[in-house]
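Following: one structure in structure tokens, then a few remarks.
Here is the naming used below: chain letters follow the sequence lines, and residue numbers restart at 1 for every chain.
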There are 2 protein chains.
Amino acid sequence: MESTKERITYAALQLFAEKGYQTVTVKEIADKVNIKAPSLYKHFKNKQEIFTSCKDLFYHRMHEVHDQLHMPDSTRPAFAYQSATTQKIIEIAENLFEFYLTDEVAANFRKILLIERYHNKELNQMYEEIFIDGAIDYEEKVFAELVEQGAFKKTEPHLLAIKFYAPIYFLIQKYEQRTESIEEGKEALKQVIIEFCQLYSNKEG
Amino acid sequence: MESTKERITYAALQLFAEKGYQTVTVKEIADKVNIKAPSLYKHFKNKQEIFTSCKDLFYHRMHEVHDQLHMPDSTRPAFAYQSATTQKIIEIAENLFEFYLTDEVAANFRKILLIERYHNKELNQMYEEIFIDGAIDYEEKVFAELVEQGAFKKTEPHLLAIKFYAPIYFLIQKYEQRTESIEEGKEALKQVIIEFCQLYSNKEG
DNA sequence: GTCTATAGTTAGATAGAC
DNA sequence: GTCTATCTAACTATAGAC
């Protein structure tokens, strides 16, 4: 059972991701939910609040999944890097890739951030925290730990993080517009990560 | 001497890159050129034609620079891969990075493509041709040639292309919103590419 | 909580004077 | 080729009936 408020939020999320906030009209959102535009205002004060609802939905979903997957999250305390293994970082890469491509909320809000960040300071900060600096900082810590443990060869963690994360970042943007070929993308990712691990890890695999 | 038509195109280019096509009003464009909105219509038939003018400007600039730098361009005949050397691919990476971050036309239109591609088939195709498949195809050919020449170790060209290109792609998106720190980005790029070449090339450098 | 009707505003674009 | 004045259409949002 989905409430009308939730249906509006999901409809708006899809439309904002496709066209951007300003381009989407409240009538379009209403049409998608099969109600008339003025009825929206019984659920939300105004258009901006619908957007806020999308943002809240994404934050909630992201924290939930990042927690599950022990993924980057600059707004929460650090997770146990001690448990990092080569196998685990492969899993992290695959989960990250899959989450931001197939999860409806994550995939759409990622697009929204990409679109809106050029004229919205807050959303730009959010994008950088999640997909640029935040992600790199996290990977850096993971690799620093792996190097210290002796699991990885002594290498500069920042460069290692870029080499590891950049292909994930690139492949997400490559396959976001062709979700029917996601398996192909996953395969490419896997190969890149495996080669990466063979190069820099001391153990095999 | 810049014509009013050119001044309008450049003003629109900046605004579209920041806010997206729909969000920008013709009044905003006019304000930036210090004329009144109706005067725009003496230079362009409508708003859409201003956008077309931005696109044409970018295409012209891109072909010009890609030719100069022997860079990817799926709409033109292939360049002489025979002349590819390790030193040259480092230069290609740096030039690509610098062009799409510092050239006013290229940097702004790249943002426009990123913003508009989710709801515009033509622009999505253009983005993929320039920044995704086109770029990867080009690098793939370069590396295939380098491998055949014996300059590079025998490696799967497609994976090599992703490993080479993804960091460029990522760093462009990292530094596009902080052009004051571009030198830092250039340094990171250089290090990544140098390490890349050390790993895969047979000769040094 | 849905609707119809409509207010209030702003957008893109045109007409016509200078 | 610039301007002022203005048209028309579209959008956000409100009022009030059901």
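Between Ser39(B) and dC3(D), a side-chain N or O to OP1/OP2 separation shorter than 4.0 Å is present. Here Thr4(B) reaches the OP1 or OP2 of dT2(D): one of its side-chain N or O atoms lies under 4.0 Å away.
Two rings, from Tyr100(A) and Phe131(A), have their centers less than 6.0 Å apart. Checked against a 6.0 Å centroid threshold, the rings of Phe170(A) and Phe170(B) do not count as neighbours.
The side-chain hydrogen bond (donor to acceptor under 3.5 Å, both in side chains) search around Gln125(B) returns none, not counting sequence neighbours. Scanning for salt bridge (Lys or Arg N to Asp or Glu O under 4.0 Å) contacts around Glu122(B) gives Lys55(B), with sequence neighbours left out. Among residues two or more places apart in sequence or in another chain, the salt bridge (Lys or Arg N to Asp or Glu O under 4.0 Å) test is passed with Lys163(A) by Glu195(B). Gln173(B) meets the side-chain hydrogen bond (donor to acceptor under 3.5 Å, both in side chains) test with Tyr169(A), Gln173(A), Tyr169(B); sequence neighbours excluded. Every residue meeting the side-chain hydrogen bond (donor to acceptor under 3.5 Å, both in side chains) condition with Gln48(B), not counting sequence neighbours, appears here in chain and number order: Tyr21(B). Partners of Glu18(A) under the side-chain contact (heavy atoms from CB on, under 4.5 Å) rule, at least two apart in sequence or in another chain, are His119(B). For the side-chain hydrogen bond (donor to acceptor under 3.5 Å, both in side chains) test, no residue two or more places apart in sequence or in another chain qualifies with Asn120(A).
Checked by atom type, the side-chain pair Gln14(B)/Lys32(B) shows a donor-acceptor distance below 3.5 Å. Tyr118(A) and Glu176(B) share a side-chain donor-acceptor pair at under 3.5 Å.
Rounded to 10 degrees, the angle between the two end axes of the helix from dG1(C)-dC18(D) to dC18(C)-dG1(D) is 0°, with five pairs used at each end.
As a whole-Å value, the separation of Glu49(B) CD from dG12(C) C1' is 14 Å. In this entry the distance linking NZ of Lys5(A) with P of dG1(C) reads 10 Å, nearest Å. One can place NZ of Lys36(A) at 16 Å from C1' of dT6(C), the figure rounded to the nearest angstrom.
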Show me, pair by pair, the donor-acceptor contacts under 3.5 angstrom made by side chains of residues 182-191 of chain B, not counting sequence neighbours?
from	atom 1	to	atom 2	distance (Å)
Glu184(B)	OE2	Tyr175(B)	OH	2.7
Lys186(B)	NZ	Glu98(B)	OE1	3.0
Lys186(B)	NZ	Glu98(B)	OE2	3.3

Practice item. Any chance you could list the contact pattern along nucleotides 13-18 of chain C? Use B for base contacts, S for sugar-phosphate-only contacts and - for none, protein heavy atoms under 4.0 Å, 5' to 3'. Key: BB----

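Contacts between residues 27-35 of chain A and DNA chain D, counted as heavy-atom distances below 4.0 Å, involve no residue at all. If you check residues 7-24 of chain B against DNA chain C, the residues with a heavy atom closer than 4.0 Å are Val24(B), listed by number.
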Point to revise | Audit row: Gln68(B), Glu64(B), side-chain hydrogen bond (donor to acceptor under 3.5 Å, both in side chains) steps and yes/no | key: CA-CA 6 Å; Gln68(B) 275 175 28; Glu64(B) 188 180 76; 4.9 Å; no

